[in-house]
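So you know, we letter chains A, B, ... as the sequences are listed, proteins then strands, and number each from 1. Quantities reported herein were computed from a predicted structural model and do not represent experimental measurements.
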There are 2 protein chains.
Amino acid sequence: MVTISDVARAAGVSSATVSRVVNGKGKVGDACRARVQKIIQELGYKPNSSSQAFLHRQTMNVGLITPKISMEFFGNLAAGAEVAARANGYSLLICNSLYEEESEMAAIESLHGKGCESILMHSDYLTDKQLIELSERYKGLVFINRYIPKIANRCVWFDNVASSAQIVDLLASQGHKHIAVATSIYQNRDPQQRLLGVRQGFMMQGLNFNEKLLAESTANLEGGKACARELLQSGESFSAVIAYNDLMAVGVVHELVKNGYQVPQQVSVVGFDDSALCKACIPTLSTIKYPIEEMANYAAKLAIDLAKDTATPENKTHLFTPALIERDSVAPAPV
Amino acid sequence: MVTISDVARAAGVSSATVSRVVNGKGKVGDACRARVQKIIQELGYKPNSSSQAFLHRQTMNVGLITPKISMEFFGNLAAGAEVAARANGYSLLICNSLYEEESEMAAIESLHGKGCESILMHSDYLTDKQLIELSERYKGLVFINRYIPKIANRCVWFDNVASSAQIVDLLASQGHKHIAVATSIYQNRDPQQRLLGVRQGFMMQGLNFNEKLLAESTANLEGGKACARELLQSGESFSAVIAYNDLMAVGVVHELVKNGYQVPQQVSVVGFDDSALCKACIPTLSTIKYPIEEMANYAAKLAIDLAKDTATPENKTHLFTPALIERDSVAPAPV
DNA sequence: CTGTTAGCGCATTCAA
DNA sequence: TTGAATGCGCTAACAG
């Protein structure tokens, strides 16, 4: 490894001068600078980043904590964060929390111990209180897909409520009155809010929400199928289904088709997320675009900025709004 | 930040002793050890990892270079690598190369500059020669989904040829004789090998490969559709399609269905990868399981081991073999 | 404009 | 068994 002293010796100057040339700080004579730069080229000198990290107490790494990077949603999140990190001279250090409170906490400790001054976190299990406490300890900590009023300026989140309401609007505009819902059995934040949005949408449209048309199951393909079965067995009639996410929506479609229903001619189905699946199923799925990649990009930059000493606590939050993607799974209500 | 000297002072010992206690090396008196440990607890001392990285010249980070972490395949890759890294006390530093030769090279430089002693790479654009040269410079460098005989012990790869041959066997066993292929228009490694495997499979089965039933397009949903159109227009009859990957397979299904064909009753379709899509389409897709997560886990461990000074160059390579997943997209050939 | 010096936190000498 | 001293590579403060 070639060090700053090697360069200094070869150039016949002091290491401080080399440092000045490398960092472009301080005054250096033109001739001297040229000579040093030449030597740097020849020797292929690169500053040792570990040394710099040690000295400056910052590793130039952004930590990312998500449940499971192999899930499409979190993959997109990571991709957005990576781009923002790199654009700012940082790298991305990832940590899977695997959906456990304990490991979410451990991940923060680990990342902070590794010298990550900025951390971007998708927390599913820590409470608002815990996150507020953590924010006091770690200034570069940002939460994505979460909103906590007390620390609003660290929250980059998405308007689940408005999104769902928008879905109801779409269906209502197509004449649907009997609308079923397939939600997640784990009624934590996202499912709750989306369901709330649906109820709000109904109210705004002057529709009555039929509680018998509310089915719950796991938030995956099988869960979607289960919900559809439950809805069909309820005996209530419906012309549309709003699913918690795309995967459930596809499950609903599968089960409906299996039972001889035509989608969307007889039943319309709407998903949530705009995952890759939407374009790959038949019919293609109308859904809400969750701009997670864009949000993560924004959030990573925010985490970097907040970690800086110069950061001034802003009194604003970071809310992203929905876009409806219309494809082929929604048709006018049959008469 | 509490340092080793803080602990030393509080415990009334030297920092060397604290270091010995922390690392469990060297002799320390029992009473002394107990006292130091107590202070460490009280003060919440944690060794500064940046300092250690600087001192030991290793950051305990594994670098990962893939084209795009948001793609399912690479997401699974990252997940496997992260688990292996963490299990060995390392973290995972990710770098998107975005499918460019230049950025693949830049990513290695960047990661190495960041002090990553181990790097796991999915290279699409660098040549064998380039990778061989790189291996000489970086001992902890491992390639995934690539096989280069000269550096076989750094290659963790998958038997594409055998996989495709296995698909042919499956179809032949169901009586299919007129089998079409939808391959990628970019005929680099994977597509070439998979196509080769198909040809081999045909030979082994004593079947004749009809070149008119070979369609090429982009390796995505649209490409699959395009291939199906091409095949239908060729005028040749076929009862099965082998697609380059799952996405193309689903595209083929879409186009066939659109043109009034029944899958699998009239035409069977097989994919490759076993992506999440397979279970979410109708009919569910028979495919080859590409165990990328398992492979990445293995490869990350390998990269960590190779980076160690004690690593002895083994004379073996790391080949993973296929498993056929049978679902609903394959049926006996119509008579 | 340039050189000298000191020190970041730690682990490893070498002495005692 | 313990302590003192040293240096990793770099930058910032201070001198000149």
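The only member of B/Tyr290, B/Tyr147, B/Tyr298 that meets ring pair (Phe, Tyr, Trp, His ring centres under 6.0 Å) when paired with B/Phe320 is B/Tyr298. Here the options are B/Ile108, B/Val142, B/Leu111, the test is side chain to side chain contact (heavy atoms under 4.5 Å, CB included), and the partner is B/Met121; only B/Ile108 passes.
Side-chain contact annotation: B/Gln130 with B/Thr127, donor-acceptor N/O pair under 3.5 Å present. A donor and an acceptor atom, one from each side chain of B/Lys308 and B/Thr310, are nowhere located under 3.5 Å apart. Between the side chains of B/Asn145 and B/Asp190, at least one donor-acceptor pair of N or O atoms lies under 3.5 Å.
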Q: Would you give a per-nucleotide map of nucleotides 8-16 of chain C, 5' to 3', where B means the base has a protein non-hydrogen atom under 4.0 Å away, S means only the sugar-phosphate does, and - means neither?
A: BBBBBB---
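Ion pairing between a basic and an acidic side chain is recognised when a charged N comes within 4.0 Å of a carboxylate O; B/Asp124 and B/Arg189 show no such pairing. One finds no salt bridge joining A/Arg137 and A/Glu133 here, because no Lys/Arg side-chain nitrogen approaches an Asp/Glu carboxylate oxygen to under 4.0 Å.
Once you apply a 4.0 Å limit to the heavy atoms of chain B, the touched nucleotides of DNA chain D run 5' to 3' over D/dT1 to D/dG9.
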